[in-house]
Amino acid sequence: MQLRYRVLVILLFSITSLVCAQQKKLPNIVILATGGTIAGAAESGTSAGYTSGQVGVQTMIDAVPGIKDIANVTGEQIANVGSQDMSIKIWLDLAHKINELLATDAVDGIVITHGTDTQEETAYFLNLVVKSDKPVVTTGSMRPSTAVSAEGPLNLYNAVAVAANKKAKGRGVMIVMNDQIHSPQAATKTNTTSVQTFLSPMQGMLGAVLYGQLEFYRMPHNIHTTKSEFSVKGVKELPRVDVIFGAADMNPDLIDLSVKAGAKGIVIAGVGNGNMNAASLEACKKAIDKGIVVVRSTRVPTGYVLRNGEVNDDKYGTIASDELNAQKSRVLLMLALMKKHTAAEIQEIFYNY
Ligand code: GLU
């Protein structure tokens, strides 16, 4: 072989090996799909009406140009529902699956596609029961996959970029939507239709991700994942906890009914600083005397619910939710109720998580 051909062959061989090595080095990310608007389809690109959970995980992955350049991506369909139909069973399936996958060296991170309606609850639940410091990211979209300017593909690309990034390790479960990275403990859905819906009003976002380039601003400050005391290993169901919405002149009957129906815990989305009228407070006291745990959260979008604010928690035996909104207080209380705790211990749990 002539020298120049030999050089060419060696060059080609080196380039191919380099490309292969490069490919091998990409992190392995598993996408667990659960449905939501990101997998939704409408009759036209501008139709307001659509059905969540129509598109399968592989179709979603195929719709994201460049995703295979940032990670070795595989998909698995866990469910395909609008997240208004997210269930405790699916939460447990997800937790078991994630713990199993992340325990192996073959998986470096997880992305969960999910509707936005209850995404903060799923992400917060997983933040408390995933036993790994590898990145776990939830994402979704506000516009269905068939919409003009559907934002799902970019959200999915960014979510994979975060899950694949070493800097994301040890930050717990994260919500990645609209270029922002949030901790589920701090984040909440704030707008019914806008693509800018998740905010962390009290703490601010964890970081930002722009076309896969990311920057973290802070660590989550509450206990999560590997440090969390909660485990759902072998667990098939969670104790029933109901949320009751506070309002002027609210009727205490719903509290009594919840007790009768077998709730082990009740979260009041109270007015203001977790307040409720006198009749409701008395109904809560009756429930507490029967061994039901009552948490005072709030219907107000921002701020803390302070222990012994206008309600004397020491006297009534109620728990103040601190910074958790009602829907996430329910998640934490369900997990706390898996073990016997005193009211003081549950209060401590609400301060720590
Ligand atoms: N109901 C839908 C869901 O949560 C709408 C929200 C969304 O995914 O954006 O699945």
Side-chain angles (χ1 to χ4, degrees), residues 31-61 63-64 75-95 97 110-127 136-160 162-163 173-184 186-201 205 209 243 245 269 301 325-328 330-331:
I31 300 180
L32 302 176
T34 71
T37 301
I38 191 167
E43 269 179 17
S44 81
T46 51
S47 158
Y50 69 94
T51 313
S52 279
Q54 298 297 296
V55 173
V57 62
Q58 198 52 50
T59 312
M60 277 195 300
I61 295 171
V64 187
E76 196 172 323
Q77 198 78 43
I78 299 292
N80 212 353
V81 294
S83 71
Q84 58 272 42
D85 285 319
M86 185 47 57
S87 65
I88 288 164
K89 182 182 176 306
I90 304 175
W91 283 354
L92 290 168
D93 287 349
L94 273 173
K97 170 65 75 180
I110 303 278
V111 169
I112 300 148
T113 56
H114 195 294
T116 55
D117 286 355
T118 61
Q119 191 170 146
E120 69 198 65
E121 287 154 78
T122 302
Y124 182 61
F125 170 75
L126 294 173
N127 204 30
V136 176
V137 176
T138 69
T139 192
S141 74
M142 295 297 284
R143 296 179 181 142
S145 67
T146 49
V148 172
S149 298
E151 88 283 25
L154 184 54
N155 284 345
L156 186 53
Y157 183 85
N158 281 336
V160 169
V162 173
V173 176
M174 289 159 277
I175 297 174
V176 169
M177 289 277 297
N178 205 32
D179 301 347
Q180 300 183 345
I181 310 170
H182 292 272
S183 166
T188 191
K189 183 173 180 175
T190 63
N191 192 292
T192 52
T193 54
S194 167
V195 295
Q196 179 50 54
T197 187
F198 282 96
L199 294 175
S200 298
M205 56 193 193
V209 50
V243 176
F245 199 84
N325 64 21
Q327 57 271 35
K328 282 183 281 181
R330 172 173 173 260
V331 172

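Any value given below was found using the heavy atoms of this structure, including those in side chains, with hydrogens, waters and symmetry copies removed. Counting convention: from 1, in listed order, for ligands and their atoms alike.
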Colleague: By the definition side-chain contact (heavy atoms from CB on, under 4.5 Å), identify the one residue from V136, I31, V137, I78 that meets it with I112.
Modeller: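 Considering V136, I31, V137, I78, a side-chain contact (heavy atoms from CB on, under 4.5 Å) with I112 is found only for V136.
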
Colleague: Name the one of S83, S141, S145 that satisfies side-chain contact (heavy atoms from CB on, under 4.5 Å) with T37?
Modeller: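 Going through the options one by one, the only one that passes is S141.
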
Colleague: Taking any residue with a non-hydrogen atom under 4.0 angstrom from an atom of ligand 1, which ones do you get?
Modeller: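 Within 4.0 Å of ligand 1, protein side: G36, T37, Y50, S52, G82, S83, Q84, G115, T116, D117, S141, M142, K189.
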
Colleague: Could you tell me which residues satisfy side chain to side chain contact (heavy atoms under 4.5 Å, CB included) with N191, sequence neighbours excluded, listed by chain and number?
Modeller: T193, S194, T197

Colleague: What's the spacing between L94 CG and H114 NE2 if we round to 0.5 Å?
Modeller: 7.0 Å

Colleague: For F125, what residues pass the ring-ring contact (aromatic ring centres under 6.0 Å, His included) criterion, not counting sequence neighbours?
Modeller: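 Counting only residues at least two positions away or on another chain, F125 forms a ring-ring contact (aromatic ring centres under 6.0 Å, His included) with W91.
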
Colleague: Suppose the criterion is salt bridge (charged side-chain N to carboxylate O under 4.0 Å, His left out): which pairs have a residue in residues 189-199, not counting sequence neighbours?
Modeller: D117-K189

